Amino acid sequence: MQNVQLIDHPLAKHSLTILRDKNTDTETFRRHTAIVSQIIIMEASKACKLNKKMIDTPIMKTQGHEIYRSMVFVPVLRAGISMLVPARDFLPWTPVGFIGLERDEETAIAREYYQKFPSNIENKLVLILDPMLASGGSVIDTISRLKEKGAKRISIACIVTAPEGIKRINKEHPDVNIYTTAIDDHLNDKKYIVPGLGDFGDRYFGT
Ligand code: URA
């Protein structure tokens with residue numbers, strides 16, 4: 001497996017354990033999703049450039065820094081929405097692109113029912129938000145659509161990943177980086193991540 005940044009942080013491990021626990025209620029699940037997401041965004045945003053900026057402190061002039069506003073978030077519907085609010089709290093000016101894909105159960109071909117991307121995507125660092133990278137199908141489709149629109153720098157922020165999904169992304173999009181807090185063991189025959197945390201969207205949205 002290549003291009004994977006496994007984030008090994010005690011706070012992430014603590015919150016991830018709460019997310020994995022089947023007895024965690026929706027409110028607590030949402031709170032810890034926000035914590036883990038922010039730890040991942042913190043790591044992924046290390047790729048952001050800084051501009052130098054002169055400011056006046058109460059004592060003297062000094063040189064500081066300002067983030068160069070170069071990111072775009074693309075949450076994969078529906079679970080990716082959960083990572084958007086914590087991501088936006090860190091980088092509140094960041095534009096958000098949406099793509100709605102629906103897979104035909106028989107052909108496995110993705111049908112696009114919605115697409116809206118910000119302009120100048122070719123000059124931006126696009127961060128795809130998807131908490132569970134399982135077989136990688138929807139993320140791979142999302143990356144392909146983004147590349148068709150001209151995106152050149154793409155990364156993915158995931159809370160839990162499966163080796164199967166990482167390997168597929170490595171093969172089909174070897175230029176894409178993956179930031180995650182867990183690489184789990186495998187996918188089961190229903191394509192759930194093992195040990196995983198169950199259906200993320202159902203647990204986050206309380207459905
Ligand atoms: N999506 C989920 O919500 N959970 C999994 O285990 C895999 C994909």
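The shown structure was predicted, so the numbers you read here are calculated from the model rather than taken from an experiment. Both counts, for ligands and for their atoms, begin at 1 and track the order of listing. Throughout, residue positions are numbered sequentially from 1 according to the sequence presented.
Contact residues of ligand 1 (protein heavy atom closer than 4.0 angstrom to a ligand atom; sorted by chain and number): M132, A134, K191, Y192, I193, G198, D199, F200.
With D130 contributing its side chain and L133 its backbone, the two residues share no donor-acceptor pair below 3.5 Å.
Atoms CD and CG, on Q115 and L101 in that order, are 8.5 Å from each other to the nearest 0.5 Å.
For K49, there are no side-chain hydrogen bond (donor to acceptor under 3.5 Å, both in side chains) partners two or more places apart in sequence or in a different chain. Residues forming a ring-ring contact (aromatic ring centres under 6.0 Å, His included) with F29 (at least two apart in sequence, or on another chain): F200.
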Could you tabulate the donor-acceptor pairs under 3.5 Å formed by side-chain atoms of residues 82-90, not counting sequence neighbours?
{"unit_1": "S82", "atom_1": "OG", "unit_2": "A79", "atom_2": "O", "d": "2.6"}

Point to revise | Intermediate values then yes/no, salt bridge (charged side-chain N to carboxylate O under 4.0 Å, His left out), D202 and R78 | key: CA-CA 10 Å; D202 283 353; R78 106 188 124 142; 2.8 Å; yes
